[in-house]
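Remarks on the structure that follows.
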Amino acid sequence: MRTAVCPGSFDPITLGHLDVIERSAALFDRVIVCVLVNGGKDTGMFPAERRLEFVRLATEHLPNVEAARWDGLLADFAQREGACALVKGVRCGSDFDWEYQMACINRGLLPGLETVLLPASAQYVYFSSTMAREMIKYGQDLTQYLPAPVAQILRKGKD
C-alpha cells in the first residue's frame, strides 16, 4: 500500500487544499492529511483540534483519506506512518522555492521520502488560508472558498 502525507496548518482548510487532497487520493492508496502544529505551539486562528475536525468534515467523501495531528518533525510522522511521499500544492514560484528546500531537508532526514509538488488548479491559485482568515474576521461569506461543511459551520457563527 502506497501512503502519502498531505501536510499543512489548514487554518482553515480551503477548496485549494481540498483539490490537492482529492488529486492525491487518486494517486495513492492511502492519504493522511497531517495538521501540523508549528513548534509545539498552537497559534493559529483555530485550535489544532478544530482544524482537524474541519479537515475530517471536508474529506469524509474520500474513503482512502484520513486526518491526523502532529506536533513534531514531518519526516518523523511520515516514517511512523510508512509514507513514501509528501504531497504539497504550489501556487507560484516562491511556493516552489520554499517547498524545494523543505523537500531536500525531509529527504535528508528520511532518505527515500519523495516530495510530490502539485500545481494549484487555476481556480484556486489566488486564494489562501491567510485570505480566508481575514474574511472570517470581517464576517464575509466563504462559500466559494472553503469546503461546504466548513463554510456552513463558520456561517452559523459557531467559531
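None of these values were measured; they are calculated from a predicted model. This chain uses plain numbering: 1 for the first residue, then up along the sequence.
Looking at Phe10 and Leu36, their side chains never come closer than 4.5 Å, going by heavy atoms from C-beta outward. Contact of the Thr3 side chain with the Ile32 side chain is registered, since non-hydrogen atoms from C-beta on lie closer than 4.5 Å. The shortest side-chain heavy-atom distance between Arg51 and Pro12 does not fall under the 4.5 Å cut-off. Taking 4.5 Å as the limit, every side-chain heavy atom of Arg91 sits out of range of all side-chain heavy atoms of Pro119. Gln140 places none of its side-chain heavy atoms less than 4.5 Å from the side chain of Glu134. Contact of the Leu118 side chain with the Val116 side chain is registered, since non-hydrogen atoms from C-beta on lie closer than 4.5 Å.
With hydrogens and angles ignored, the 3.5 Å screen pairs no side-chain donor or acceptor of Asp29 with any backbone N or O of Asn64. Under a 3.5 Å cut-off, the side chain of Thr14 and the backbone N or O of His17 do form a donor-acceptor pair. A distance-only check finds a donor-acceptor pair linking the side chain of Arg56 to the backbone of Ala67 [under 3.5 Å]. Between the Asp11 side chain and the Met45 main chain, a donor and an acceptor come within less than 3.5 Å of each other. Distance alone, capped at 3.5 Å, places no donor-acceptor pair between the Trp98 side chain and the Gln101 backbone.
Note that CG of Asn106 is 11.5 Å distant from CD of Glu114, once rounded to the nearest 0.5 Å. Considering CH2 of Trp70 and CG of Asp76, their distance stands at 6.0 Å, rounded to 0.5 Å. Residue Ser128 holds its OG atom at 7.0 Å from CZ of Arg133, rounded to the nearest 0.5 Å.
Across Leu110 and Ala75, no two heavy atoms sit closer than the pair CD2-O, 3.7 Å. Pairing each heavy atom of Tyr145 with each of Met135, the nearest pair is CE1-CE, 3.6 Å. Minimum heavy-atom separation, Ala132 to Leu146: CB-CD2, 4.2 Å. Closest approach of Val65 to Ala25, counting heavy atoms only: CG2-CB, 3.8 Å. When every heavy atom of Lys88 is checked against every heavy atom of Pro7, the shortest pair comes out as CD-CG, 3.4 Å. In plain terms, the two heavy atoms of Val35 and Ser9 that are nearest each other are CG1-O, 3.9 Å.
When Val31, Leu74, Leu113 are each tested for a side-chain contact (heavy atoms from CB on, under 4.5 Å) with Val5, only one passes: Leu74.
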**OP:** Show your reasoning for whether side-chain contact (heavy atoms from CB on, under 4.5 Å) applies to Phe127 and Leu15.
**Re:** CA-CA 9 Å; Phe127 196 77; Leu15 288 174; over 6 Å; no

Original post:
How far apart are the C-alpha atoms of Phe54 and Phe46, what are their side-chain angles, what is the distance that settles it, and do they pass the ring-ring contact (aromatic ring centres under 6.0 Å, His included) test?
Top reply: CA-CA 10 Å; Phe54 287 163; Phe46 298 100; 5.3 Å; yes

Subject >> Trace of the side-chain contact (heavy atoms from CB on, under 4.5 Å) decision for Ile153 with Arg50 >> reply: CA-CA 11 Å; Ile153 288 170; Arg50 189 66 163 151; 3.3 Å; yes

Subject >> Test log, rule side-chain contact (heavy atoms from CB on, under 4.5 Å), inputs Arg23 and Leu27 >> reply: CA-CA 7 Å; Arg23 290 160 60 197; Leu27 296 172; 5.6 Å; no

**OP:** Using the side-chain contact (heavy atoms from CB on, under 4.5 Å) rule, take Leu117 and Phe96 through it: C-alpha gap first, then chi angles, then the decisive distance, then the call.
**Re:** CA-CA 8 Å; Leu117 300 177; Phe96 177 84; 3.6 Å; yes

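For the 3.5 Å distance criterion, the side chains of Arg155 and Thr143 qualify, holding a donor opposite an acceptor. Residues Asp19 and Ser121 have side chains that bring a donor and an acceptor to within less than 3.5 angstrom of each other.
Atom OH of Tyr126 is surrounded by more than 12 heavy atoms from other residues, nucleotides or ligands within 6.0 Å. Within a 6.0 Å sphere centred on CZ of Arg2, heavy atoms belonging to other residues, nucleotides or ligands number 12 at most. Within a 6.0 Å sphere centred on CZ of Arg30, other residues, nucleotides and ligands contribute more than 12 heavy atoms.
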